[in-house]
Every structure is written in structure tokens, then in C-alpha cells.
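Structure first, then comments.
If you're wondering where the values come from, they're calculated on a predicted model, not measured in any experiment. Sequence lines set the chain letters: A, B, ... in the order given, protein chains first and strands last, and positions in each chain run from 1.
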There are 2 protein chains.
Amino acid sequence: MARPTIKDVSKLAGVSIATVSNVVNGHPNVTDSTRSKVEDAIHKLGYQANRAARSLPAGQTGLLGYRMPDGKRLNVSLDTFLHQIVEHAGAIGLEVLLFAPRPGQTEQEAYSEVLIRGGVDGFVLSGIDYHDPVVKYLLERKVPFAAFGRADEYPGAAWVDVDGAEGLRLATEHLIESGRKNVAFIGWPAGSLTGDERYRGWQQAMLAAGRDIDNATVLRVLDGYEIGISLTRQLLDSGVDAVACVSDTLALGVMAGLRRLDLVPGEEMAVVGFDNVSAGELVEPGLTSLDQPMADVASELVGRLSRILRGENPGQGLLLPPRLVVRGSTSIPV
Amino acid sequence: MARPTIKDVSKLAGVSIATVSNVVNGHPNVTDSTRSKVEDAIHKLGYQANRAARSLPAGQTGLLGYRMPDGKRLNVSLDTFLHQIVEHAGAIGLEVLLFAPRPGQTEQEAYSEVLIRGGVDGFVLSGIDYHDPVVKYLLERKVPFAAFGRADEYPGAAWVDVDGAEGLRLATEHLIESGRKNVAFIGWPAGSLTGDERYRGWQQAMLAAGRDIDNATVLRVLDGYEIGISLTRQLLDSGVDAVACVSDTLALGVMAGLRRLDLVPGEEMAVVGFDNVSAGELVEPGLTSLDQPMADVASELVGRLSRILRGENPGQGLLLPPRLVVRGSTSIPV
DNA sequence: CTGAAAGCGCTTACAG
DNA sequence: CTGAAAGCGCTTACAG
């Protein structure tokens, strides 16, 4: 009934605990016959190495840390992301340790505390920005991590991101191709990594199509549903007939704004968002948006992290393309 | 630079490591002067006990396990819930270990594996149902846990739930009071703990108001947005002018169904959901729904678990009332 | 290829 | 009230 230990296995198999350890850890120099004796015993006993005991001499914990984001940043579907991370980590024998800064603690202190407690082998980060202090901190201390977010500022960093510029290029091209004359952009204030990239994509598509950028409508606002609503009047007054938004939150706001003015989203004004949140399917007509390939992001992140942990090269930063999901908010013919 | 150990502290403070350990663990029999010497050293060194080293002799890990739900069950806003769990756990020095069954592994095996690896001190469960095998399994093995979900089937179990019957009572009363004549119920097939409770609430409110239950419209369906849409015609044909739904997903479906028939939700038919998902605020008019007090649920769960871990009585099962959030889908006067 | 032994950083009786 | 010592369950050189 009690949890079997390495001793139990060694007794049953008639070998030393060192040999059991060698088998468990896949060391090469073990006879086939010894190996199978040990494996039988392990199987019979249902043995699994105790994590704490393993961690102590080896200095590896089998744990990967993830800081619970504040919930303020809505640009990641936490649910799906975490799910994927947990599953991919599980596939290579790692579990996920969740933590959050305690009241009065800075973000960095939270990471440091986890580290000092001997908590994890490495971290998965998400939502990083320019000059991210956590990235800097971990890099300095040579703590393994992989970031969801373009960390190309730092040569050594392992990162994966979804290509926001490509996303807004796709969105804007789609709007232009469907015959829209005056395609506006609603973004966040300049200076955020994610926001600036997405703006760049809109710009590129507009220029490529020969549109006049200088006289196009560009609104830079904080993220928010109500903010989206409040922008609608202004967009209509400027003669805008399509708007590419930096986020679904803003896009859904504009859709609601249109509806409150008794206009139909997709007719008077086409709207595209970014993130493909579930609410986008639940409004009428559906919101066209950019879907982030979360499963790929997670598997690439975990892959990079596990390579670092094995002392290998994590590989280059990776930019994954988002996928345009077309729904009613852009598909009603002009 | 290297992580300080208990030895470093003991040297700096001029005491034995046993004394440092006693101070760290708040043992009573330590002189004030000794204590403060040790505390100074701890502070100076930034010492934190290594979790693995602590876990090994003490048999406690400082970790609390949570199984990543499948994502199939939409009745819990995972994001908020986990957030709250992590924060409340952090406040009492516990961190959260996330795990998921690997492919081919049953749920029970996943729990068992975490346990065998010496993974956690206890579990937080969510989304439990009648005769839940995991609850039974943990109870048999006397593994500490606290469940989000009514586990009153099992006398010893620690649980917290949101009162679904009360929720649907509130919803149905609200519909009746606002003058609706024919209040339908859309629920899941009988036999789920959560679904049955919510049905009971509708029933009670209807009977209390003297409504004829036998001739009322009751639809039992699987959860789903499209399913909600497909039900709308039938509801209208039955002369239903209000519908209390077991979930926001179904409620949002009905709202979309109404809109596709060019009807206005809240006018021709009032709609109430359950969960208060964010999409409910983003549709026009907003969806009236029942908000679950996640922060309270989390704090009560963690509180119960920590009491069990300290060998105390966890306290009785707790039923928390949801809060009716009234929006456009029911507030347009008849 | 296998095993005896040291050691990882703690906690916990037990002496003193 | 404090400290020396054993031990938690592993891994890792190192002999043999």
C-alpha cells in the first residue's frame, strides 16, 4: 500500500539500487537481462521515482514554472495555452508549477522566490514586451526559459511568437480584396511589442495595395469593449467602411457600436479582430478574426525548453503565422 | 550567488542547523535572542528552504495538485478559478501543480501517478459528478482534497459548491416577476449533479408562483451553442415567452436563434443563462446570467484543504449563492 | 557491467 | 533551549 521505493525494486529484482537508478534513467551500460529483471520489478510494484528524492542530488525538479498572468492582458487565451503547455510538458515527463506574485511582491521577486526554493527546472513565459525585465533577469542568471513573444532583442533567448504583422496583413488584404474603400486601423498606443507589429502589418498591406496611409484613419486606444463602442461614431463620420482591429475586444466593441446605431456589422462597416476568442462566434454575424495556433506555440515552447534542459541548442526564434477565420463581420458582400 | 542553504544560515547565525530549522518552522521552544539571530541571517542571505529537501524527510511537498479539465465542460470559468486558487494557495505558502492524464491514461491513473511520484500534499477537484470515481479513490486512500462541486454523497468529503437550485430560483422568479407568462426550462439530460440541481430550482420557483409545471416546456439537451439556436423555433411555436437555461452556451444560442429570425432577445422572448461568461456582456442586448462567486469558492476550497493538511476538521460542505446579473435579455419591459 | 558509499538539504526524535 | 546524528529516496562518481 505504501509507495514503493527504489529499495523495494532493487530487492525484488535482486540488484543494487544504483542499477535500478541506471535503468530508470536509461543509462546505456546495463545488460539486457538485468534491465528486464529491473523493469519487471518496477512494473510489478508500480514504482515511480519520488520527485523530491530525485531532485535533491540531481538538482532537477521535473517541474516547469508558469506565472499566472494578471488577467489584465487579454491577448492570450490562457485556457487553451495552459492546456497545451501542460499536455506537451506531460508528454516529456514534466509537470507545470503555477505561481503568482504575492501582494507587495514584484514579478521578478516571484520568479526569484520560485528559483530559490529550488522550485523548477525552467520557466515558460508569456506576454513579454520590449526590454522585459523578467527576460533580462532570467538570461543573466542563465535560468532556462522559453518565451511566448518575440524576444529577438536578446540573442540567446528561446522564443516563439505568432506573427502579428502577418496577421494584420492577411486581415487588411482580405478587407481590400472584398472591395472596401477606406480601411481603418484601431490599435493600442505605440510602444508595445505586440501592438506595434500588428500596426506594421496593416501598414504594409495598405501600401502594397497603393492605399493612401497618411489620410487613412488610425486610432490608438487602450484595449476595451466599451472603448470600441465609443469609437464607432467617429469611424462612421470619417467615412470608414472597414476596420482592422488589434484585438477582438475592440472589434467586438465596434460591432456592438454599429448595432446600437441600428447598423449591421459587415454591411455598413466590415470588422476584423485578433485572437479568435469564443465570443466572436457567439455574436451575430460572427466576427472575422485571426486565430493563433496555440497548440503549435505550446509544443514549440516546450520543445525549446526541453532542449535547453538537455544542454542542447534550443533553436532559433520562431514566428508562426496566424490563420484568418472569416465570418459574417466581413463576408457580407459590399 | 549560489542558493543559500540551511548550513550557510547556521554558520552566519552561529547556531546548529536544527535550530535554524526550528525557527523556520516556527517551533515554540526557541529563545527570542536565538530566533532573532537566525532571522537576521535568513534575511541577510535571502534564504528559503529548498522544497525538495524539505519534502523528503517531512513528507510534505508544499504543492497542491489540480488536474487540467478537458475543456469539454464549460461550466467553470477555468481562468478565474485557477487564478483564485493560485493566489489563495500562495497566501498560505502552497504552490499549484498542474497535471493532465497522458494519452491512454485514465483520470484515476493520472491522480495516482502524481501521488506516487510524491507530487502533492493534496488536490483541488472541480466539476465532480454523482458517484465520482476520483472522489471515491481519494477518499479511500485518505488523500487530502477539496472539491468544487457538491460531494455530500460522501460524509467525510470537503466541498464547496455554488447553489444551482438557488440560481435557477432567482432566474425564474425574475422572469415571472417581470411579467412573463410561459417560462420554459432548457437543461441537460437528467443525471448530472449540476444539471439536476438547476432544474430543481426552476421547478421550485414555478410551483411557488403557482405555475403549471406539467404543461410547461422543458427541453433536455446536450450543451451547445448550435443546439440552442436549433431550439428557438420550437420554443416560439410552444408559445414560450421566457426561457431559463442551464448554461450561457445554450442561452447565447437561443439569443442568436431569435436574432436569426429577426426577433429581438428580451422582447419576444426573455433569456437567462448560467455562468456569466464574458461573451454574455458582448452580445446585444447583454445576456442576463448567474454569476458564480469564484473568489469565495477558491478561498473556501483552499481553506478547507489547508485545514485538512494541518490535521484539523475541514468544516462542513458549503453552498454559496450565485448572483443574478440582469442585462438586456430580460430587462426589456414586456 | 554492477555495487558500495557519499551526499543532496532538510526534519525529527533524542540527549544533554 | 540547543545540537549531534540518523534518515528521507534518490543520483553519481568511483572501484572492482
Side-chain angles (χ1 to χ4, degrees), chain A residues 2-39 41-42 45-63 93 115-121 309-311, chain B residues 2-39 41-42 45-63 93 115-121 309-311:
Chain A
R3 174 192 304 160
T5 72
I6 197 171
K7 264 193 186 166
D8 300 322
V9 177
S10 78
K11 259 178 220 154
L12 185 60
V15 297
S16 74
I17 61 164
T19 298
V20 176
S21 175
N22 284 336
V23 170
V24 168
N25 294 295
H27 284 210
N29 292 344
V30 181
T31 323
D32 278 354
S33 78
T34 311
R35 182 182 304 281
S36 68
K37 269 192 299 185
V38 173
E39 277 167 353
I42 287 175
L45 260 33
Y47 170 76
Q48 298 245 60
N50 177 280
R51 185 193 308 123
R54 188 168 223 178
S55 165
L56 210 40
Q60 45 119 307
T61 63
L63 254 35
L115 242 23
I116 290 180
R117 288 205 215 172
V120 301
D121 295 339
L309 293 177
R310 287 197 307 264
Chain B
R3 174 192 305 160
T5 73
I6 198 171
K7 263 191 187 168
D8 299 322
V9 177
S10 78
K11 260 178 220 154
L12 186 59
V15 298
S16 74
I17 62 164
T19 298
V20 175
S21 174
N22 284 336
V23 170
V24 167
N25 294 296
H27 284 210
N29 291 346
V30 181
T31 324
D32 278 355
S33 79
T34 310
R35 181 181 305 280
S36 68
K37 268 192 299 185
V38 173
E39 277 167 353
I42 287 176
L45 261 32
Y47 170 75
Q48 297 245 58
N50 176 280
R51 186 194 307 124
R54 188 169 224 178
S55 165
L56 209 41
Q60 45 119 306
T61 62
L63 253 36
L115 243 23
I116 291 179
R117 289 206 215 171
V120 301
D121 294 339
L309 294 176
R310 289 197 305 264

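- Base pairing in DNA chain D gives the following stems of 3 or more Watson-Crick or G-U pairs, range against range and under 3.5 Å: C:1-3 with D:14-16, C:5-12 with D:5-12, C:14-16 with D:1-3.
- Note that OG of B/Ser36 is 11.0 Å distant from CD1 of B/Ile42, once rounded to the nearest 0.5 Å.
- Among the heavy atoms of the strands lying under 4.0 Å from A/Thr5 are primed sugar atoms or P, OP1, OP2 only; no base atom is included.
- Side-chain proximity of B/Leu56 to C/dG9, C/dT12, C/dC1: nearest is C/dG9.
- Note on A/Thr19: every side-chain N or O is 4.0 Å or more away from OP1 and OP2 of C/dT2.
- If you measure from atom CG of A/Asp8 to atom C1' of D/dC10, you get 13 Å, rounded to the nearest angstrom.
- Among the heavy atoms of the strands lying under 4.0 Å from A/Val15 are primed sugar atoms or P, OP1, OP2 only; no base atom is included.
- Rounding to whole angstrom units, CG of residue B/Asn50 and C1' of D/dG9 are separated by 14 Å.
- Remark: B/Asn29 is not in phosphate contact with D/dT2, judged by side-chain N or O atoms under 4.0 Å from OP1 or OP2.
- Listed pair A/Thr34 / C/dC1 fails the phosphate criterion, with no side-chain N or O lying under 4.0 Å from OP1 or OP2.
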Between A/Leu63 and B/Leu63, does a side chain to side chain contact (heavy atoms under 4.5 Å, CB included) hold up when you go through it step by step? CA-CA 11 Å; A/Leu63 254 35; B/Leu63 253 36; 4.3 Å; yes

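- The distance between atom CD1 of A/Ile6 and atom P of D/dG9, rounded to the nearest whole Å, is 11 Å.
- To the nearest 0.5 Å, atoms CD1 (A/Ile116) and CZ (B/Arg51) are separated by 13.0 Å.
- If you take NZ of B/Lys11 and C1' of D/dG3, they are 16 Å apart, rounded to a whole angstrom.
- Looking only at distances, a side-chain donor or acceptor of A/Arg3 sits under 3.5 Å from a matching main-chain atom of B/Leu115.
- If you measure from atom CG of A/Asn25 to atom P of D/dG9, you get 17 Å, rounded to the nearest angstrom.
- Contact of the B/Asn25 side chain with the B/Arg54 side chain is registered, since non-hydrogen atoms from C-beta on lie closer than 4.5 Å.
- Between the P atom of D/dG9 and the CG atom of A/Leu45 lies a distance of 14 Å, rounded to the nearest Å.
- Rounding to the nearest 0.5 angstrom, the gap separating the CG atom in A/Asn29 from the OG1 atom in A/Thr19 is 11.0 Å.
- Rounding to the nearest 0.5 Å gives a distance of 13.5 Å between OG1 of B/Thr5 and CD of B/Gln48.
- A pairwise comparison of heavy atoms in A/Val38 and A/Val15 identifies CG2-CG2, 3.8 Å as the closest pair.
- Each of B/Ala53 and B/Arg35 was assigned the nucleotide of DNA chain D with the nearest heavy atom; the assignment lying further toward the 5' end belongs to B/Arg35.
- In terms of phosphate contacts, A/Ser21 brings no side-chain nitrogen or oxygen within less than 4.0 Å of OP1 or OP2 of D/dT12.
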Atom pairs, protein N/O to nucleotides 14-16 of chain D N/O, distance under 3.5 Å:
none

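- Taking CG of A/Leu309 as the start and OG1 of A/Thr61 as the end, the distance is 8.5 Å to the nearest 0.5 Å.
- The side chain of B/Thr31 has D/dC1 as its nearest neighbour among C/dA4, D/dC1, C/dC10.
- The interatomic distance linking B/Gln60 (CD) with D/dC8 (P) rounds to 17 Å, in whole Å.
- Between A/Val20 and the options A/Asn22, A/Val23, A/Val24, a side chain to side chain contact (heavy atoms under 4.5 Å, CB included) holds for only A/Val24.
- The side chain of B/Pro57 has D/dC8 as its nearest neighbour among D/dC8, D/dA4, C/dT2.
- In this structure, B/Ile17 places its CD1 atom 8 Å from P of C/dC10, rounding to the nearest Å.
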